[in-house]
Amino acid sequence: MSEMPNKKLMYKRISLGVLFLAVLLGLTGCAEQPTRMATAQGGSTYTLREDLVSIDTLASKLGMRVDSVNSTHILLKNSNNTVMIFTHSGGQFYVNGRQAGQVGHVDVLSGKHYVPQSLAEQIRPLMRGGGIITSPSGSAWSGRLSGTVVIDPGHGGKDPGAISVKGFYEKTVNLSVARKIADRLRSRGLNVILTRNSDVFVELEQRAAIANQRKADLFVSIHADSSLTRTEKGYSVYVAK
């Protein structure tokens, strides 16, 4: 049975910023790509092509983080996907270990890599989960979110919660799930707070107080319910109004 904080929380819809992608028309033959002026360290100017975005921007569009950058390739990761982008001339990109296509033109400015923004649309359909979040209206969109979410891993410490036939404690499952959810939401730009981040006992009132103090837009309590029937599967959701 899910715990329900006994203090009333104010819920409001998280503002979802819709990401509008600028579609550039590709020119054939010897036509030049549009450019924009950028300033490098030291004050010198540099002509940066309009069809390029920083690797940080690309990672944000895909709901990923830049895991590593070296002289040969860039590694992007989130909880479900790994993308490897080779930065040499004629380099390929790989999604979850599979070759997916050619990267195209890559620039390096003040140590930061810039890659074709079209990579986002090539990579996203190949990702597990598609790199897509569905808005409350049902339309699919991608990009950064804003707001504060408090995630409450149920039980903890002296309170183990349900115990499986193999001896797994619900409190451990709850914390593991909460951490993974927190990582995914943070990769989308949300401010995420856990009511506990270790095996400690937290009173119900304190869990609610944490959400109230942080002015949370959303409070989510995670539990792993038990059943005496082995065939029972699925999940249950309780919403306070």
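The salt bridge (charged side-chain N to carboxylate O under 4.0 Å, His left out) contacts involving residues 85-102 comprise nothing, where partners must be two or more places apart or lie in separate chains. Sorted by first and then second residue, the salt bridge (charged side-chain N to carboxylate O under 4.0 Å, His left out) pairs involving residues 66-78 (not counting sequence neighbours) are Arg65-Asp67. Counting only residues at least two apart or on different chains, no ring-ring contact (aromatic ring centres under 6.0 Å, His included) pair has a member in residues 177-198.
The backbone N or O of Glu232 sits nowhere less than 3.5 Å from a side-chain atom of Ser227 that would complete a donor-acceptor pair. In this structure a side-chain-to-backbone donor-acceptor pair under 3.5 Å is present from Glu170 to Ala162. Judged by distance alone, with hydrogens and angles left aside, the side-chain atoms of Asn174 form a donor-acceptor pair with the main-chain N or O of Ala224 at under 3.5 Å.
Judged purely by distance below 3.5 Å, without hydrogens or angles, the side chains of Ser60 and Thr57 never pair a donor atom with an acceptor atom. Looking at Gln102 and Gln92, their side chains never bring a donor and an acceptor atom within 3.5 Å of each other.
In this structure, the side chains of Leu52 and Pro116 come closer than 4.5 Å at one or more pairs of heavy atoms.
Applying the salt bridge (Lys or Arg N to Asp or Glu O under 4.0 Å) rule to Asp199 yields the partners Lys171; only residues at least two apart in sequence or on another chain are considered. Taking the side chain to side chain donor-acceptor pair (under 3.5 Å) definition, one finds that Thr72 meets it with Asn70, sequence neighbours left out. For the side chain to side chain donor-acceptor pair (under 3.5 Å) test, no residue two or more places apart in sequence or in another chain qualifies with Thr87. Judged as a side chain to side chain donor-acceptor pair (under 3.5 Å), and not counting sequence neighbours, Thr172 has no contacts. Evaluation of the side chain to side chain contact (heavy atoms under 4.5 Å, CB included) rule for Ser164 yields Lys166, Phe168 as partners, not counting sequence neighbours. The salt bridge (Lys or Arg N to Asp or Glu O under 4.0 Å) test applied to Arg179 returns no partner, not counting sequence neighbours. Taking the side chain to side chain donor-acceptor pair (under 3.5 Å) definition, one finds that Gln206 meets it with nothing, sequence neighbours left out. In this view, Val66 and Ile55, Asp56, Ala59, Val69, Ile74, Leu76 satisfy the side chain to side chain contact (heavy atoms under 4.5 Å, CB included) rule, not counting sequence neighbours.
From Leu190, atom CG reaches atom CG of Leu218 across 9.5 Å, with rounding to the nearest 0.5 Å. Taking CD1 of Ile181 as the start and CD1 of Ile222 as the end, the distance is 3.5 Å to the nearest 0.5 Å. Note that CD1 of Ile163 is 10.0 Å distant from OG of Ser226, once rounded to the nearest 0.5 Å.
Partner Arg128 forms a side-chain contact (heavy atoms from CB on, under 4.5 Å) with one of Thr82, Asn96, Asn78 and no other, that one being Asn96.
Centroid-to-centroid, the aromatic rings of His155 and His223 come within less than 6.0 Å.
Residues Ser236 and Asp225 share a closest heavy-atom pair of OG-OD2, 3.5 Å.
Other members of the hydrophobic cluster containing Tyr94, listed by chain and number, are Leu75, Met84, Phe86; membership follows side-chain contacts under 4.5 Å among ILVMFWY residues, whether direct or relayed.
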